[in-house]
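Atom set for the values below is all heavy atoms of this structure, side chains included, hydrogens, waters and symmetry mates excluded. Atoms within a ligand are numbered from 1 in the order they appear, just like the ligands themselves.
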Amino acid sequence: MSQAAEAAAAKVSAADGSLLEVDDLISHYPVPRGLLGAMMRRPRLTVKAVDGVTFSVAAGEMVALVGESGCGKTTTAQTVIRMVANQGGSIRFDGAEIGELSPGQLRPLRREIQIIYQDPYESLDPRFTVRDTIEEPIRVHSLVPRKEDREAKVYEAMERAGLTPPELFIDRYPHELSGGQRQRVAIAAALVLEPKLLIADEPVSMLDVSVRAGILALLDGLRREGMGVLMITHDLSTAAHFADRIAVMYLGRIVEEGPARDVVRNPQHPYTKALISVVPRRDPDQRAFPQILTGETPNPVRVPPGCRFHPRCPVAEERCKETDPELRALDGVAVGHRAACILLGPPSGP
Ligand code: SF4
């Protein structure tokens, strides 16, 4: 498929059912210089946290944004929900542009896009019982006036989040719950608003391995019920197992994206290949040699010119220092699988 045809197809699919469409999103912010830096007239530095990111999430789809710490995936999520300002690009939710709405105009939308964080210990108020925590969003949005109806909503959300029987948990405080139960409370507090899109920022990274699968299965179930899920994770194996599509981020950009299975089994970008090479395999016949990336770790204040991955890329060429590759369709991969590398040619044929 030509690039123009692919772009047209992407637009059609978005018009047909994308819940969230993010296009060329940019979020930069200045690094404080401090008094000394200002007195010494040190140059102002800018963190290019999100630097031209495009992706979409459909209803009933789980998309995983994968990358190392500092690659910009969490800032991307925060920009999508307008916690962080964007300096460019567009954010369309349910067919409407939300990138330039005022806080007042955004208020009703906040019900429809909910976010859960990696640390359930931090995200719950220790003075609130489970009931208070889950009821609070309904009160804030003035949704259900009658107390009995609110209680019913709280019970329903708890059951959907796997806190069953609700009577066992509803009067407990966060310190009386396990890590997995706390994360379920956070999820129930999101579900009580019946959102269309759930953003899960490293939802299991702070949890014991034994309870991770349960939380991930819960998110998977919500996706199957029709909710869009954007999962932020550094764990490619989790993404491969649960997501429909994977977008791999490096220094503020998506460098590869496509159907999860194809990205993992047939990675194209050297960065994705390196990430996959260090994922443990169960089958000894499938073992790959771990490829340890060398060079400077990513610094979004000093983004290298040309291909931003070139200082660490094991197959970089001289021209990589000058050419900034775009995401494009490739030969020999599944439909919708794209990567940004000048060594990867466009698809042949018409
Ligand atoms: Fe590596 Fe060059 Fe491809 Fe960038 S463009 S990923 S540096 S080969």
* To do: In plain terms, say whether Lys153 and Glu194 are close enough for a salt bridge, that is, a side-chain N and a carboxylate O under 4.0 Å apart.
  => yes
* Residue and atom name of the nearest protein heavy atom (relative to atom 3 (Fe) of ligand 1), distance in Å to one decimal -> Cys341 SG, 2.3 Å
* Structure fact -> Under 4.0 Å from one or more heavy atoms of Pro270, ligand 1 contributes atoms 6 (S)
* Asked: So which heavy atom in the protein is nearest atom 1 (Fe) of ligand 1, and how far is it from that ligand atom?
  -> Cys313 SG, 2.3 Å
* Is Ile232 reachable from Val204 through a run of I, L, V, M, F, W or Y residues, each pair having side-chain heavy atoms under 4.5 Å apart? -> no
* To do: Decide yes or no on ring-ring contact (aromatic ring centres under 6.0 Å, His included) for Tyr250 and His269, but give the supporting numbers first.
  => CA-CA 11 Å; Tyr250 185 82; His269 194 279; 7.8 Å; no
* Asked: Just which atoms of ligand 1 are under 4.0 Å from any heavy atom in Ile342?
  -> 3 (Fe), 5 (S)
* **Nearest neighbour in protein (non-hydrogen) for atom 2 (Fe) of ligand 1** => Cys320 SG, 2.3 Å
* His269 contact mode with ligand 1 (heavy-atom cut-off under 4.0 Å) -> side chain
* **Those atoms of ligand 1 less than 4.0 Å from some heavy atom in Leu343** => 8 (S)
* Should Leu198 and Leu19 be counted in the same cluster of Ile, Leu, Val, Met, Phe, Trp and Tyr side chains packed under 4.5 Å apart? -> no
* **Under 3.5 Å donor-acceptor, His175 side chain and Pro126 backbone** => no
* Determine yes or no for a side-chain-to-main-chain donor-acceptor pair under 3.5 angstrom, with Arg150 supplying the side chain and Leu143 the backbone. => no
* Structure fact -> The answer for which part of Cys307 has a heavy atom under 4.0 Å from ligand 1 is side chain
